[in-house]
Structure formats: structure tokens, C-alpha cells
Amino acid sequence: MTITFITGANKGLGRETARRLIGHGHTVLLGARDPELGREAAAALGARYVPLDVTDDASVAAAAADVAAHEGRVDVLINNAGVHGPVGDPSDLTAADALAVLDVNLIGVIRTTTAFLPLLRRSDDPAIINVSSGMGSLALTHDPDRPESGVIAPLYTSSKAALTMLTTQYAKALKDIRVNAADPGYTATDLNGHSGPQTVTEGTDAIVSLATELPGAGTGRFVSRHGEMAWS
């Protein structure tokens with residue numbers, strides 16, 4: 001049975017990904033910072049809650065130790081936890097604003113991936129899925145026909161651009177693990193005040209597709225629900 005760990009999974013895309021993968025027969029470990037919300041979501045879905053704050057080294061290490069003690073391995077790691085940060089005019093942005101967003105969206109991925117690599121390497125077919133965004137694409141954010149071009153979110157977009165590059169670097173270096181990025185698309189979640197036109201089910205199509213691939217599938221890809229995207 002495939003063992004899948006999802007960060008930030010008590011709501012939104014993470015929770016829907018957990019629900020769908022449980023439907024595919026995965027054993028899902030639901031990582032969440034808030035114990036009450038995490039336990040509630042895990043109980044409702046049939047997952048196991050693992051306390052996890054991706055901005056805290058000790059919390060991430062404890063989560064990895066918890067999984068090592070209970071499941072012994074991870075087959076799929078889904079780095080989903082994310083925050084949006086300030087939108088609009090960047091004139092008043094501060095270093096603290098930037099650090100807060102990057103600490104979750106980029107550095108949190110590094111913390112979690114590093115801690116979980118030993119567990120992934122115990123799998124016969126390990127995979128890492130980084131939930132990125134078309135908002136980090138130069139091409140999409142400059143295309144007037146795309147919704148991404150009409151949003152000004154300096155820190156979120158910057159963090160996702162960095163995450164897609166991080167994904168390609170991991171894919172090149174970690175020859176024994178598939179590492180891919182998913183673009184959920186403009187999905188109605190708390191992150192955007194439920195303004196997106198897609199449902200959370202549509203928004204998780206790419207993530208679920210990557211998480212249920214057969215052994216030998218490709219690495220270093222950027223995938224949306226419509227297929228593979230160019231790195232641009």
C-alpha cells in the first residue's frame with residue numbers, strides 16, 4: 001500500500017488531495033500545524049494526523065521520527081503547505097513579510113524534504129510532489145489572456161518561481177527519487193478568498209495524477225490538470 005505524507009493538509013487543496021488519495025487506496029498521513037484542525041480532518045477522512053509546522057526544525061524532525069516509528073517509510077511526499085502573503089502595491093513590503101512567506105513556501109519544502117529523504121529512500125518507488133503555481137511562471141504572468149497576469153502578489157509569485165527551480169535541481173540531483181511540481185490552477189481556496197473558478201477537486205487533479213503514477217514515470221516535470229507545462 002502506498003504511504004503518502006501531505007503537508008498543510010487540514011483544509012483546501014491538501015485536504016482534498018488526502019481525500020482523493022485515500023480513495024485510491026493510499027495510506028495518508030496528514031501533516032498540519034493546528035492539532036485540533038489536523039485531528040478533525042484526519043478523523044473525517046480516515047487519515048492519520050501527524051503534527052507538523054514546516055517553519056520549525058524541531059517539529060519537522062519530530063514528524064519524520066513519528067513516521068519512522070509507525071509506518072517506517074514514505075512512498076510519496078507532497079509538499080503542499082503554503083501561504084499567500086501581501087497582495088497589491090509592494091511599496092510597503094518588509095523583509096519580515098518576505099521571510100514569513102519564504103519560510104513556508106520554499107524553506108519549509110527544504111526542511112521537510114531533507115527530513116523525509118531517509119524515509120523516501122526506504123520506498124521501492126519514491127516520489128516528491130511540490131505544489132507550485134503558474135503564478136511563478138514568467139510566461140503565464142506576462143500573458144494577458146491568462147488570469148495569472150492580472151494578480152499582483154509579489155512574495156507568493158516569487159516563492160513559487162523559486163520552488164519550481166528548486167524542483168528541477170532536486171530532480172537532477174536525486175536520481176533515485178521522482179521529483180515533480182504541480183500547478184493546481186486558479187482554485188477556490190482560503191488562500192485567495194475562494195475567488196478561483198476551479199473547485200478544489202479540479203485543483204487537485206495534477207497532484208493526484210502525479211501521486212498515482214506507475215513506477216518509472218518521469219522526473220523534473222511541471223504538470224497542470226491539462227498536462228505537462230513548460231518551465232518558463
Side-chain angles (χ1 to χ4, degrees), residues 2 4-34 36-47 49 54 76-85 87 101 104-105 108-109 127-137 139-141 143-153 156-157 159-161 163-164 167 180-213 217 221-230:
T2 302
T4 299
F5 191 100
I6 309 172
T7 71
N10 63 283
K11 63 179 182 177
L13 293 172
R15 180 172 177 145
E16 179 65 4
T17 298
R19 184 191 70 80
R20 294 182 66 183
L21 290 180
I22 289 168
H24 281 277
H26 288 215
T27 295
V28 171
L29 309 179
L30 189 152
R33 181 173 53 184
D34 186 299
E36 183 177 349
L37 295 177
R39 291 192 186 98
E40 178 184 279
L45 296 171
Y49 169 59
V54 300
V76 181
L77 171 64
I78 301 177
N79 287 307
N80 167 75
V83 295
H84 200 277
V87 298
V101 173
V104 177
N105 294 2
V109 172
I128 297 170
I129 301 163
N130 294 329
V131 180
S132 190
S133 172
M135 291 291 293
S137 164
L140 297 188
T141 54
D143 182 347
D145 293 327
R146 295 283 305 204
E148 292 89 347
S149 68
V151 179
I152 299 176
Y156 181 79
T157 55
S159 70
K160 292 303 185 180
L163 181 58
T164 53
T167 301
N180 294 293
D183 171 24
Y186 193 10
T187 302
T189 66
D190 287 352
L191 203 66
N192 55 40
H194 296 269
S195 61
Q198 290 186 164
T199 66
V200 287
T201 300
E202 292 170 326
T204 55
D205 281 349
I207 306 169
V208 171
S209 175
L210 287 169
T212 56
E213 288 182 319
R221 293 168 294 152
F222 191 18
V223 177
S224 77
R225 65 189 299 257
H226 303 294
E228 191 166 343
M229 302 167 63

I'd like to check the salt bridge (charged side-chain N to carboxylate O under 4.0 Å, His left out) partners of [X]; sequence neighbours left out, ordered by chain and number.
| X | result |
| --- | --- |
| R146 | E148 |
| E213 | R178, R221 |
| R19 | E16 |

*Taking the side chain as C-beta and beyond, is there a heavy-atom pair between L163 and V109 under 4.5 Å?*
yes

*asked:* For a 4.5 angstrom cut-off between non-hydrogen side-chain atoms, does V87 reach V151?
replied: no

*asked:* We want to know whether H24 and T212 form a side-chain donor-acceptor pair, criterion being a heavy-atom distance below 3.5 angstrom.
replied: no

Specify the closest pair of heavy atoms between [X] and [Y], including all atoms of both residues, with the distance to one decimal.
| X | Y | answer |
| --- | --- | --- |
| D183 | A206 | O-CB, 4.2 Å |
| N180 | T167 | C-CG2, 3.6 Å |
| M229 | L140 | CE-CD1, 3.7 Å |
| A211 | I78 | CB-CD1, 4.3 Å |
| K160 | S132 | O-OG, 3.3 Å |
| Y156 | H84 | CB-O, 3.2 Å |

*Please lay out, stage by stage, how L37 and K11 fare under the test side chain to side chain contact (heavy atoms under 4.5 Å, CB included).*
CA-CA 8 Å; L37 295 177; K11 63 179 182 177; over 6 Å; no

Among residues at least two apart in sequence or on other chains, which ones pass side chain to side chain contact (heavy atoms under 4.5 Å, CB included) with [X]?
| X | value |
| --- | --- |
| A161 | none |
| I152 | P154 |
| A9 | I6, L30 |
| A139 | S137, S232 |

*Among all residues two or more places apart in sequence or in another chain, which pass the side chain to side chain donor-acceptor pair (under 3.5 Å) test with S159?*
N105

_S133: side chain to side chain donor-acceptor pair (under 3.5 Å) partners, not counting sequence neighbours_ = none

[atom1]-[atom2] distance between [X] and [Y], expressed to the nearest 0.5 angstrom:
| X | Y | atom1 | atom2 | answer |
| --- | --- | --- | --- | --- |
| N130 | N79 | CG | CG | 5.0 Å |
| T27 | F5 | OG1 | CZ | 13.5 Å |
| R20 | T201 | CZ | OG1 | 6.0 Å |

Donor-acceptor pair, [X] side chain versus [Y] backbone, under 3.5 Å?
| X | Y | result |
| --- | --- | --- |
| T204 | I207 | no |
| S209 | D205 | no |
| N80 | T7 | yes |

_Qualifying residues under ring-ring contact (aromatic ring centres under 6.0 Å, His included), relative to Y49, sequence neighbours excluded_ = none

